[in-house]
2 protein chains.
Amino acid sequence: MGADRRTDILRAAARVIARRGVRGLRVSEVAAEAGISTALVYYHFKDRAGILHRTLEFISDRAERYTGGHPGQGSREDNPRQALERSLLLEFQDRPEVRENSTAWGELQATAVFDPELREALAGARLIWLRRLTDALGRIHPASPASARTLGAERLTATLEGLSTRWLSGLLRLEHARELMREAIAVEVAQLERRTAVAL
Amino acid sequence: MGADRRTDILRAAARVIARRGVRGLRVSEVAAEAGISTALVYYHFKDRAGILHRTLEFISDRAERYTGGHPGQGSREDNPRQALERSLLLEFQDRPEVRENSTAWGELQATAVFDPELREALAGARLIWLRRLTDALGRIHPASPASARTLGAERLTATLEGLSTRWLSGLLRLEHARELMREAIAVEVAQLERRTAVAL
DNA sequence: GTCTATAAAGCGATAGAC
DNA sequence: GTCTATCGCTTTATAGAC
């Protein structure tokens, strides 16, 4: 737990965001969650905005870990198609860590609409995801045009986030969200197949 | 402008949400935007949460208007496919009214994750949209299985919102978002076509 | 590095006059 | 219906001791 203080605080902040939202985040609650005083939080971070900024990076890194890095490079027994599906469906689990990450991610995404600084940080994390998915699609249909892969990846991330929001706000049950995501992948892969055929 | 006070306030609230987000909404700023005192806002609405709640309905109604009600029933020259596309692409325009509505909608959606009351109101508006899209898909492929239509509609709304968020936070340029949405529709319609073929 | 105490400001909400 | 004035709480952020 106590790798170092900064990490403790960020972990606590992620928990608080998942529980209360970015708007509901109180520095004092982060401190309580981390078991320290408010002043110490300010010793380690410049201000509230700084905490949010760093928490975004923390969450992004953690998601990288639990989705197992690049899909298709982790477990070798999977074929590329299964790897992509597994990687995207990992975002839909009822484990606290995942729910926390998804919730916080959605919150920060929403906040970024009004916060230029946050936006920048998000753009970076988003690019990583996009490249990852584009690569995964490339492994499935290596002969497909690169542009078609990028578009597909972009739509998949958008769908992922839309479904995620719906799941987290209780508008969609977990299994339903998973089903919709699975089919979205199927649909995109089929589309890519058509595009590959045309290109050949 | 001055239809009645309540409406003035709601219009002002929508503008403020679009500018600052739900998180950034200050009752005093709503009052200033409407050109009245803070106290008068509280005379017309119970509390801050009440304003938010009613603003959601206001936005939902207004969107209904500018998307022209049920797609395929508006302009008769359109075929059902074009009508669906037009209806969904109406959410991606740089008109202030639309940008405002989309922003506020995204905000309320995000807020609903932490607000059970808002969730309920949202569920209603969401159902309307869903039915609308399901019907539109039905007009395109009348012989398709109803379940396939519902799933398609659900994915389209999720994609719409995901893309909308990305557009509004400047991660996607407007034209790019429109292109992605257009292709998402194409992809779903194609999928529905396959499902129809299987069902026959 | 860490705490207690507190300043400073923000903001929701109401009282009461007109 | 509408305003001015203000209460009272919450929350960010810092000062200063250890």
Side-chain angles (χ1 to χ4, degrees), chain A residues 1-58 104 107-108 110-112 114-118 121, chain B residues 1-58 104 107-108 110-112 114-118 121:
Chain A
M1 277 293 140
D4 75 297
R5 263 284 120 89
R6 271 179 80 91
T7 310
D8 285 351
I9 296 172
L10 291 177
R11 208 188 333 265
R15 259 197 301 270
V16 172
I17 291 176
R19 192 161 54 227
R20 310 264 186 238
V22 168
R23 178 177 202 269
L25 179 143
R26 303 286 164 256
V27 178
S28 60
E29 191 172 350
V30 173
E33 184 76 34
I36 58 176
S37 70
T38 304
L40 190 50
V41 174
Y42 280 102
Y43 174 79
H44 285 288
F45 297 91
K46 185 177 174 293
D47 53 19
R48 191 180 177 279
I51 300 171
L52 289 176
H53 194 115
R54 296 303 163 185
T55 306
L56 169 65
E57 294 171 8
F58 174 79
E107 271 291 288
L108 290 164
T111 308
F114 308 96
D115 182 337
E117 281 187 47
L118 212 54
Chain B
M1 278 293 149
D4 75 296
R5 263 284 120 87
R6 272 181 78 92
T7 310
D8 286 349
I9 297 172
L10 292 177
R11 208 190 330 266
R15 258 198 300 271
V16 172
I17 291 176
R19 192 163 52 226
R20 311 264 186 236
V22 168
R23 301 161 180 72
L25 180 142
R26 303 285 163 255
V27 179
S28 60
E29 190 172 351
V30 173
E33 184 77 34
I36 59 177
S37 70
T38 305
L40 191 49
V41 174
Y42 281 101
Y43 174 80
H44 284 289
F45 297 91
K46 188 177 172 291
D47 54 18
R48 190 180 177 279
I51 300 172
L52 255 36
H53 193 117
R54 297 301 164 188
T55 305
L56 169 64
E57 294 171 9
F58 174 80
E107 269 295 287
L108 290 163
T111 309
F114 307 97
D115 182 336
E117 281 186 47
L118 211 54

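What you see is a predicted model, and the numbers here were worked out from it, not measured in a lab.
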Report task. Please list, chain by chain and in numerical order, all residues satisfying salt bridge (charged side-chain N to carboxylate O under 4.0 Å, His left out) with E57(B), sequence neighbours excluded. Result -> R54(B)

Query raised in the report: Between which nucleotides of DNA chain C, read 5' to 3', does contact with chain B run, using atoms under 4.0 Å from its heavy atoms?
Result: dC11(C) to dA15(C)

Query - Selection residues 34-50 of chain B - residue pairs positive for salt bridge (charged side-chain N to carboxylate O under 4.0 Å, His left out), sequence neighbours left out - result: none

Query raised in the report: Please, which pairs that meet salt bridge (charged side-chain N to carboxylate O under 4.0 Å, His left out) have at least one residue in residues 21-37 of chain A, sequence neighbours excluded?
Result: R15(A)-E33(A), R19(A)-E29(A), R19(A)-E33(A), R20(A)-E29(A)

Kindly give the heavy-atom pair with the smallest separation between [X] and [Y], and that separation in Å.
X       : Y      : value
L118(A) : L56(A) : O-CD2, 4.1 Å
A34(B)  : D8(B)  : CB-O, 4.3 Å
E107(B) : V22(B) : OE1-N, 2.6 Å
F45(A)  : I9(A)  : CE1-CG2, 3.6 Å

Distances under 3.5 Å between nitrogen or oxygen atoms of protein and nucleotides 13-15 of chain D:
unit_1: dA13(D); atom_1: OP2; unit_2: Y42(A); atom_2: OH; d: 3.0
unit_1: dA13(D); atom_1: OP2; unit_2: R48(A); atom_2: N; d: 2.9

Requested in this report: Mind grabbing the angle between the end helix axes of the helix from dG1(C)-dC18(D) to dC18(C)-dG1(D)? Five pairs an end, 10° rounding.
Outcome: 0°

Query - DNA chain D contacts made by residues 17-25 of chain B, counting heavy atoms under 4.0 Å - result: none

Under 3.5 Å donor-acceptor pairs involving side-chain atoms of residues 35-43 of chain A, not counting sequence neighbours:
unit_1: S37(A); atom_1: OG; unit_2: L40(A); atom_2: N; d: 3.3

Report task. Could you tell me which residues satisfy side-chain contact (heavy atoms from CB on, under 4.5 Å) with F58(B), sequence neighbours excluded, listed by chain and number? Result -> T7(B), L10(B), R11(B), A14(B), R62(B)

Requested in this report: First locate atom CG of L108(A), then atom CD1 of I17(A), and finally report the distance between them rounded to the nearest 0.5 Å.
Outcome: 5.0 Å

